[in-house]
Amino acid sequence: MDIKSIWQADTAFQDFPKLDESKKTEVCIVGAGLTGITAAYLLSKKGIKVILIEADRVLSGVTGHTSAKITAQHGIIYSELIETMGEKKAKQYYQAMQETMHFIKNEIKENQIDCNYEEQDAFLYTNDNAYLAQLDKEAEAYKTLDIPGELTSEMPLEIPFKKALKMTGQAQFHPLKYLQFMLEEAVKNGTEVYEQTVAMKLEYNRQHTVLTKDKHRVACDYLIAATQFPYIDHQGLYFAKMYAEQSYIVSGKYTGKYPGGMYINVENPTRSIRTATLNNKDTYLLIGGENHRSGESTEEKLCYDNLKAFAKEQFEITDISYQWSAQDFTTLDKMPYIGPITDDDPSIFIATGYRKWGMTNGTLAANIIADSIAEKDENPYNELFSPARFASKPMLKNLFKFNMEVAAELLKGKLDFIPPGTIDDLEINEAVITRVKGSRAGVYKDMEEKLHVLDTTCTHLGCEVNWNSADKTWDCPCHGSRYHYDGEVLAGPAKEPLRKLSLDD
Ligand code: FES
């Protein structure tokens, strides 16, 4: 079983060096995913000097693990936005997505990017009577906002469902082939790319200066934090204004005749369906879903098993040779935070909270930020997506809810009963939570049977991490930090590794 995504297995990127000296630039972008690469492409085309740094390899993060639907159909959203923000803003949100989809289409067409771009209709469906009214309400919102779409009792794909809401003229593609072009262009235009270069801190010495883990500095006029979670907070308290969700995808060769369309249901468990072409000949079916709050003690293997069972039950699919997972953040009002990190500092930008709709939200973010830097322009969507936007009543309610859940997790982690003496039975490539010298500890046995013993207290704000048996990571249920089995940080907000413990006296 390949744990790389189908996109990663099908695309090879050149290696970029690690940053080994201090540098100066106009724009420093931290994070080489879709947002960072698209921003580097747009800025470098205008002759702006960019340095792009990535903690791991380019496109190794959430962009490499997406389902890659290019759509304005972001689940049930428009009826909610009308209710919480009014018709005008809901309409603006739709227009922003439409313009972003046109941007992607035009780039592909003008540059003849070979990335399996295909227009498809998108279907939001339910097979649960309890959700029929929500779907009706969303269809009303489409009418109010002039969104092309309709309720239907017929879908091209034969799966059990009671009602569906169709949005016409959406699209899908191979995200890494598309971004390979953008990255190569950015490099041709003078962008310097550094991999295995971890941004730790932001300092100010006449200029913003990014300090890396290896103690090198990148001084810049503008900084774009294009990491999934902003690696700097600047009193923005983003960890308290978002929650992280994990989702899973399985994929195998499809031997039937696929009738077209991209599908996602509204109820739990989520089922997201599309096809993709690999090697320019084989059709693969991608089934996603089983979403849950990151770090919840869930049996991740079961999430994959459920998706595989659904795939085999519903479709003509041969061996399921790929499975992967991704984490993404949702904001208080479900719209991403894009723009200056605070009102006081217009030269530090963040882009986060894509709610698993990263193809459109990430591309939109790159455009908004590149406009702000290159054109000194008032992008029409600045205010709508501003991280400092007005907190409406429903947002404040969610703020309270998110943080009550975090407080509950914090308490639960501290009070959990830990059964003693389970290390002896530990299988290779598995982990257990136990107690070591009075501390709650996580113990992982690697392939060489070496034990990695860690204090499970998250170094962000002290919640207790849980073992993710599918990805072999320690995940925090409070704000989504993820750690390698050896304790190193894979995803923030945490910056410091988990504390190592010893089993010896
Ligand atoms: Fe905030 Fe763990 S991510 S406490």
Side-chain angles (χ1 to χ4, degrees), residues 30-31 55-56 61-62 198-202 213 225 227-247 291-298 300 325-332 336-337 341 350-356 387 398-416 418 431 433 439-444 452-501:
V30 180
D56 193 348
V62 69
V198 183
M200 293 298 286
K201 260 169 70 180
L202 185 67
K213 199 172 178 181
T227 44
Q228 195 187 19
F229 187 93
Y231 87 99
I232 36 168
D233 196 79
H234 249 52
Q235 281 88 50
L237 300 179
Y238 292 100
F239 62 83
K241 298 197 290 197
M242 297 194 287
Y243 70 86
E245 231 185 42
Q246 186 86 12
S247 59
N291 307 17
H292 62 81
R293 285 283 285 256
S294 295
E296 271 177 357
S297 354
T298 307
E300 283 79 9
S325 72
Q327 171 174 290
D328 207 2
F329 288 87
T330 297
T331 66
L332 297 174
Y337 296 131
I341 191 162
I350 61 160
T352 185
Y354 296 164
R355 204 171 60 95
K356 299 190 195 303
N398 280 342
L399 182 67
F400 181 72
K401 185 169 168 273
F402 289 2
N403 290 289
M404 284 308 284
E405 283 163 3
V406 168
E409 273 301 332
L410 188 61
L411 208 62
K412 181 171 158 277
K414 305 298 171 200
L415 298 179
D416 251 3
I418 313 289
I433 290 174
S439 292
R440 187 182 189 266
V443 184
Y444 168 75
H452 299 260
V453 189
L454 301 166
D455 183 337
T456 53
T457 307
C458 178
T459 58
H460 176 228
L461 289 178
C463 288
E464 296 297 328
V465 297
N466 288 313
W467 179 241
N468 177 331
S469 58
D471 293 339
K472 312 298 175 198
T473 53
W474 294 104
D475 297 351
C476 181
C478 288
H479 312 106
S481 290
R482 303 187 79 193
Y483 302 85
H484 190 263
Y485 62 71
D486 66 6
E488 286 301 315
V489 178
L490 293 171
K495 290 200 176 84
E496 299 298 327
L498 293 174
R499 187 166 67 95
K500 288 192 180 8
L501 297 174

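Source: prediction; values computed, not measured. All ligand and atom numbering here is 1-based and tracks the order in the structure. For the single chain, residues carry numbers from 1 onward in sequence order.
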**Message:** What protein heavy atom lies closest to atom 4 (S) of ligand 1? Include the residue and the distance to one decimal.
**Reply:** Leu461 N, 3.3 Å
**Asked** Using 4.0 Å as the upper bound for N to carboxylate O, is an ion pair formed by Lys356 and Asp328?
**Response** no
**Asked** Measuring from Asp471:CG to Gln327:CD, what's the distance to the nearest 0.5 Å?
**Response** 10.0 Å
**Prompt:** What is the SG(Cys476)-atom 2 (Fe) of ligand 1-SG(Cys458) angle, to the nearest 10 degrees?
**Reply:** 110°
**Prompt:** At atom 1 (Fe) of ligand 1, what angle lies between atom ND1 of His479 and atom ND1 of His460, rounded to 10 degrees?
**Reply:** 90°
**Message:** If the cut-off is 2.8 Å, does any N/O/S atom of Cys463 fall short of it from atom 2 (Fe) of ligand 1?
**Reply:** no
**Asked** Between Phe229 and Phe329, does the ring centre distance come in under 6.0 Å?
**Response** yes
**Item:** Aromatic plane relationship, Trp467 with Tyr444 - under 30° parallel, 30 to 60° tilted, over 60° perpendicular
**Value:** tilted
**Prompt:** Which residue holds the protein heavy atom closest to atom 3 (S) of ligand 1, what is that atom called, and what is the gap in Å?
**Reply:** Ser481 OG, 3.1 Å
**Message:** Please determine whether a side-chain nitrogen of the Lys or Arg among Arg440 and Glu464 lies less than 4.0 Å from a carboxylate oxygen of the Asp or Glu.
**Reply:** yes
